[in-house]
Student: 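Right, I'll just put the structure down here and ask away after.
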Protein chains: 2
Amino acid sequence: MDHMDYSAQMRDLGLRVTRGRLAVLDALESHPHSSAERVVIAVHQTLPEVSIQSVYNVLNDLTEQGMLRRFTPPYSAALYETRVNDNHHHALCTSCGRIEDVECAVGHAPCLTPSNSHGMEIQLADVLYQGICEDCRKTDAA
Amino acid sequence: MDHMDYSAQMRDLGLRVTRGRLAVLDALESHPHSSAERVVIAVHQTLPEVSIQSVYNVLNDLTEQGMLRRFTPPYSAALYETRVNDNHHHALCTSCGRIEDVECAVGHAPCLTPSNSHGMEIQLADVLYQGICEDCRKTDAA
DNA sequence: CCTCTTAATTTGAATCTGTCAAGATAAGAA
DNA sequence: TTCTTATCTTGACAGATTCAAATTAAGAGG
């Protein structure tokens with residue numbers, strides 16, 4: 001997904017195309033699963049004048065419009081990614097905090113249905129796998 | 001699970017049995033999926049002198065010892081519950097925030113295994129169902 | 001290209017959730 | 001009952017995020 005695609009998508013959504021928004025999308029493209037703080041750092045590499053508040057605004061606006069996906073692992077600030085609409089899941093290393101994408105076998109939501117939904121109409125099943133990554137296993141063993 | 005059970009469990013874990021801890025456990029027993037703030041409110045019904053910091057301490061200590069389970073729905077503060085060790089999941093109404101317990105078909109972790117775990121040793125699969133509860137469907141329809 | 005509207009951004013304060021640290025208190029072992 | 005030290009209290013503090021008002025700039029229309 002390059003600038004042209006993102007720009008077209010924003011226009012389609014009735015959003016103005018700004019440098020800040022493109023910079024946030026770029027940052028998340030190259031650093032998926034980033035917190036707002038990390039996005040700010042990445043954006044400031046190329047656009048040091050963009051304010052922190054603006055990054056928050058962009059993250060919220062684009063998430064609301066479905067161009068970004070937001071999730072919150074335990075004990076973590078919110079993380080963002082550009083990969084949306086494929087209903088993929090995440091695997092978190094509880095030792096080092098590393099996060100990997102995990103393909104969803106079904107590929108669309110909801111990929112699971114509860115046995116008893118208590119009358120709820122389930123639209124989405126968010127799955128967060130937790131475990132120990134390869135690197136941490138090696139380190140722990142030592 | 002009554003006071004005697006909780007007390008015994010705490011002693012087994014090498015924890016002192018205090019009024020505050022029992023009050024927190026009581027509060028979560030009758031109000032599952034409560035935030036720290038709600039626990040404070042509930043605890044203060046019977047023990048107004050317990051400090052907020054103390055409730056945070058208790059929630060952290062008991063969670064660390066496995067007597068409480070903590071989870072964080074999107075856009076929410078951390079929530080706590082006394083139901084542990086059955087690997088159950090949650091269903092969140094994205095309209096009103098209501099949360100229901102959902103039985104885990106497998107009953108122990110991990111109840112799901114990713115297709116490609118990227119070398120991670122998966123220990124747990126946390127599932128959060130999201131949808132619209134019955135009440136909100138009725139209200140929205142009106 | 002210029003003008004105008006208003007969405008987007010900036011700035012600074014404020015809020016919410018939760019942690020840190022030091023001294024006071026009380027659980028429970030001896 | 002005494003003593004040790006885990007627990008609790010108090011108050012300051014920090015991180016993540018939001019709110020609000022004034023400023024700036026995207027892009028539609030002329």
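Worth knowing before you read on, the calculation uses all heavy atoms, side chains too, and leaves out hydrogens, waters and symmetry mates. Below, read A as the first sequence line, B as the second, and so on, with proteins coming before strands; counting in each chain starts at 1.
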Student: Go through it in stages, so that I can follow the logic: the residues are H44(B) and L47(B), the test is side chain to side chain contact (heavy atoms under 4.5 Å, CB included), and I'd like the CA-CA distance, side-chain angles, deciding distance and then a yes or no.
Tutor: CA-CA 5 Å; H44(B) 279 181; L47(B) 296 177; 6.0 Å; no
Student: Without decimals, in angstroms, what is the distance between M10(B) CE and dA26(C) C1'?
Tutor: 15 Å
Student: Is the gap between the ring centers of H31(B) and H33(B) under 6.0 Å?
Tutor: no
Student: Would you kindly say whether H90(A) and Q130(A) are connected by a side-chain donor-acceptor distance under 3.5 Å?
Tutor: no
Student: Could you walk me through whether V39(A) and V58(A) satisfy the side chain to side chain contact (heavy atoms under 4.5 Å, CB included) test, starting with their C-alpha distance in whole Å, then the side-chain angles of each, then the deciding distance to 0.1 Å, before giving a yes or no?
Tutor: CA-CA 11 Å; V39(A) 171; V58(A) 170; over 6 Å; no
Student: Measuring to OP1 and OP2 of dT18(D), would you say a side-chain N or O of N60(A) lies under 4.0 angstrom away?
Tutor: yes
Student: Flag yes if more than 12 heavy atoms outside R83(A) fall under 6.0 Å of its CZ atom; otherwise flag no.
Tutor: yes
Student: With a 4.5 Å limit on heavy-atom distance, are the side chains of L25(B) and Q9(B) in contact?
Tutor: no
Student: Other than V127(B), which residues form its hydrophobic cluster under the rule that side-chain heavy atoms must be closer than 4.5 Å?
Tutor: V102(A), L112(A), M120(A), I122(A), V127(A), Y129(A), V102(B), L112(B), M120(B), I122(B), Y129(B)
Student: Take the C1' atoms of the five end pairs on each side of the helix from dC1(C)-dG30(D) to dA30(C)-dT1(D), get both axes, and report the angle to 10 degrees.
Tutor: 40°
Student: Do nucleotides 5-16 of chain D as a string where each nucleotide becomes B, S or -: B if the base has a protein heavy atom under 4.0 Å, S if just the sugar-phosphate does, - if no protein is that close.
Tutor: BBSSBBB----S
Student: Atom CZ of R70(B) to atom C1' of dT19(C): distance rounded to whole Å?
Tutor: 12 Å
Student: Would you kindly give the CD1-to-P distance between I41(B) and dT17(C), to the nearest whole Å?
Tutor: 11 Å
Student: For S34(B) and R38(B), work out which heavy atoms get closest and say how close.
Tutor: CB-CB, 4.0 Å
